[in-house]
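Reminder, nothing fancy here: chain letters follow the sequence lines and each chain counts from 1.
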Amino acid sequence: MTPVMGKKAAKGTFWADAMADEILQHVDRHPRLQQIVADQGMLVYDEKTPSGIIHVGSSRGWILHDVIARALRGKGAPAHFVLSSDDMDPYDKPSAGLPREEWDQHLGKPFRHIPSPVEGYESFGDCYFRQCTDLFDQYAIEAGLETTGGLYEDGSFDAAIQTALDQTAAIQGIYTELYGDTPASHRLPFAPLCEQCGRIGTTRALEWDGARGLIRYECRSDIQSYKDPVTYERTYIPGCGHEGWRSPFGGGGKFPWKVEWAAKWITKGVIAEWAGKDHFSKGGSRTASCKFSVDIFDYPPPYPSSGYRTGNGYEFLNVGGRKMSTSKGAGVSFAEVTEVLSPSMMRFLMVRSEPNKVIDFDPNRTPDIVNLYNEHDRTERVAHGIVTKEPDALVSKLDRVHFYTYPERGELAGREAPARVKFPLAAIVGQSVETAEEATATLRAMGHLPEGRGHAETALRVGEARSWLGAYADDSKLRIALNDAVPADLEIDDASRAVFAGMAADLSAHVDGTEVLTEQDFKGRIFAHICDAGIEQRPFFGVAYEALLGRPNGPQLSTFLMSLGARALPLLNEAAGT
RNA sequence: GGGCCCAUAGCUCAACUGGCAGAGCAUCGGACUCUUAAUCCGCAGGUUCCAGGUUCGAUUCCUGGUGGGCUCACCA
């Protein structure tokens, strides 16, 4: 391939396109990387430890890597995104939702060797990893999947293990240089897997015999500790006391994290890999890994790093102003969010925001949701060339946002934009009818959908609105709930009762088919009744909403009643006093 | 204490690699026999966090502050 020789990316360039340019330059600077790309393509890499239910914040990284890989492919580079499950990592503290008496026995073991808490998965690690990756299609995330444990077991890491252990002194020196004289300054950079008890978090490597390729270790009870979630006491994971020699190769153990990260880069030939900004803090794991990569493995650390310079990680996705945390069991899981919010919307949210901007998203805040849908729809319209009120710079940006939000749509030229119904309307109609079919029919009758189009996307959106209302919108104004009965303390004068009676009669006739009314007809009847009764419109509607919903306002009455159909009749009759 | 990121209209964000600060939503006003988080039209909304510096010109670049977020043993 011929990398596009990049100038510095223009400031107005969409973030993913600009990053792709920089990655191509990164490759250009290193002949070694050019060779790797020629041999195996351009690897965009990410990894995740499956230590429990994975929260929604992690999806920002997956989407980011997917978008970057697509941007690179868009420039002709043979890029692909691979996500690895760090399932060789040990289960290092009790997991929030699992019974202690059953699961504490597995503390210290690699996630890939612990049974799955949920049926149908190969292991603990497989379970939590795949609960997410099985949803990737819905998010249009195109990723190759692998497990880090698998890489240990198939020998991929063997060369790096040999290198690291042979250079133990140099690695210890780097730890000392970065962190001072800490325990890591004196340890072998490897955690053997105990042959007797299968734990990896409780072992200490004692001696490396490079000639025989064996490592001496013991399995102890003073290595790995956690803060007990109930008693808050520091508790040590018990090792089995085994001591012996074993081969570190072929799955015989794992690197400590910071060394492992660097080992992966050279082993896999990683060209680009981000992580959350927490890893990129000065003195953090990326700092150490870059050092190991350059000094120990002699490999150029992947973009956005360059040599010892780490570059910057991406910002967090906060939900309701809080950083999500897997281990604290707080927050919203990725799988859970997917059931309630549209994957397209989540993807849109993350594509439109530059990686260095915090995203604070709260599904409990109705305006957040309404706004997100509005912005999404506008982006879609602009991308289809429908609205051109926006300034040019914004149009070209929204164009790219749309492209990366819906990569599967491809070229839009000459294609009609999906017919979108605004989210609040979808929510109201969705609550007053039973099925998506009815909702679509109602919306079509109301004139919100063009003839013959918009059925599928509208049914989808009504479904999204309903799921969201079911999960998050308890106190949202968009929630409507029919009264069981007309509130006892509601005063209804005789004139108003007559209007209710008239509406009930009209609606009833419409429902049993003796009279076919369009929405316009029905609307006209309502006003005729009000006029006949000789009362003011405004106060009457207030009374009507109190009678039906227990609120002073609500959706347009004619639409609302028609979409309710027979379900509205008991209340209308009661209000009419009949 | 050190480091990184962020700060533009009430909210969410733009501003084409320094050139008259713009959109969407909300608010407000008007229209539609019609109350709405429906539709259409319109008004208003800004000392671009502060103080300096570079420049003919700074939201943009530099320095120093302020506020917010994240992070800096081990583990990941």
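Between A/His376 and A/Phe348, the ring centre distance stays below 6.0 Å. Centroid-to-centroid, the aromatic rings of A/Phe129 and A/Phe111 stay 6.0 Å apart or farther.
The side chain of A/Lys282 sits closest to B/G3 out of B/C13, B/G3, B/C5. The side chain of A/Lys277 lies closest to B/G69 when the candidates are B/U71, B/G69, B/A37. Each of B/C72, B/A14, B/U12 was ranked by its minimum atom distance to the side chain of A/Ser281; first place goes to B/C72. Considering only side-chain atoms of A/Arg352, the nucleotide from B/A37, B/U12, B/C70 that sits closest is B/U12. With distances taken from any side-chain atom of A/Lys422 to the nucleotides B/C70, B/G3, B/C25, the minimum falls on B/C25.
When the side-chain nitrogen and oxygen atoms of A/Asn356 are compared with OP1 and OP2 of B/C6, one or more of them lie within a distance under 4.0 Å.
The C1' atoms of B/C20 and B/A58 are separated by 14 Å, rounded to the nearest whole Å. Taking atom P on both B/G2 and B/G65, the two are 9 Å apart, rounded to the nearest angstrom. Annotation: B/A44 and B/G29 have their C1' atoms spaced 10 Å apart (nearest Å). Using P as the reference atom, B/U48 and B/U59 are 7 Å apart when rounded to the nearest Å. The separation of B/U8 from B/U60, taken at their C1' atoms, amounts to 11 Å, rounded to a whole angstrom. Taking the C1' atoms as reference points, B/U17 lies 26 Å from B/A9, given to the whole Å. Between the P atoms of B/A15 and B/A26, the separation comes to 23 Å (whole Å). Nucleotides B/G24 and B/A14 place their P atoms 16 Å apart, quoted to the nearest Å.
Taking the charged nitrogens against the carboxylate oxygens, A/Glu177 and A/Lys291 do have a contact shorter than 4.0 Å, which makes a salt bridge. A salt bridge links A/Glu315 with A/Lys277: at least one charged nitrogen is closer than 4.0 Å to a carboxylate oxygen.
By the side-chain hydrogen bond (donor to acceptor under 3.5 Å, both in side chains) test, A/Asp377 pairs with A/Arg461, sequence neighbours left out. The side-chain contact (heavy atoms from CB on, under 4.5 Å) check on A/Lys282 picks up nothing, with sequence neighbours excluded. For A/Ser306, the side-chain contact (heavy atoms from CB on, under 4.5 Å) partners at least two apart in sequence or on another chain are A/Arg309. Residues passing the ring-ring contact (aromatic ring centres under 6.0 Å, His included) test with A/Tyr226, sequence neighbours excluded: none.
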Let me check I have this right: for RNA chain B, each base becomes ., (, ), [, ] or |, based on Watson-Crick or G-U pairs with both distances under 3.5 Å. What is the full string? (((((((..((((.....[..))))..((((.......))))......(((((..]....))))))))))))....
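Between the CD1 atom of A/Ile359 and the P atom of B/C11 there is a distance of 19 Å, rounded to whole Å. Atom C1' of nucleotide B/G69 and atom CZ of A/Phe316 are separated by 9 Å, given to the nearest angstrom. Atom CG of A/Asp17 and atom C1' of B/C16 are 14 Å apart (whole Å). Rounded to an integer number of Å, the gap from CG of A/Asn374 to P of B/C11 is 18 Å. Going from atom CZ of A/Phe540 over to atom P of B/U33 covers 19 Å, rounded to whole Å. A/Phe14 places its CZ atom 10 Å from the P atom of B/A14, with the value rounded to the nearest Å. If you take CH2 of A/Trp15 and P of B/A14, they are 13 Å apart, rounded to a whole angstrom. The separation between A/Phe423 atom CZ and B/A38 atom P is 13 Å, rounded to whole Å.
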Tabulate atom names and distances for all N/O pairs under 3.5 angstrom spanning the protein and nucleotides 73-76 of chain B.
| from | atom 1 | to | atom 2 | distance (Å) |
| --- | --- | --- | --- | --- |
| B/C74 | OP2 | A/Lys258 | NZ | 3.0 |
| B/C75 | O2' | A/Asp92 | OD2 | 3.0 |
| B/A76 | OP1 | A/Lys254 | NZ | 3.2 |
| B/A76 | OP2 | A/Trp257 | N | 3.2 |
| B/A76 | O3' | A/Thr49 | OG1 | 2.6 |
| B/A76 | O3' | A/Asp89 | OD2 | 2.3 |
| B/A76 | O2' | A/Thr49 | OG1 | 3.2 |

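A residue-by-residue look at A/Asn312 and A/Ser353 shows that A/Asn312 has its nearest nucleotide of RNA chain B further toward the 5' end.
Side chain to side chain, A/Thr379 and A/Arg352 fail the donor-acceptor criterion of an N or O pair below 3.5 Å.
Backbone-only contact: A/Lys357 has heavy atoms under 4.0 Å from sugar-phosphate atoms and none from a base.
Taking NE2 of A/His529 as the start and CZ of A/Phe540 as the end, the distance is 9.5 Å to the nearest 0.5 Å. The CD1 atom of A/Ile237 sits 10.5 Å away from the CD1 atom of A/Ile223 when rounded to the nearest 0.5 Å.
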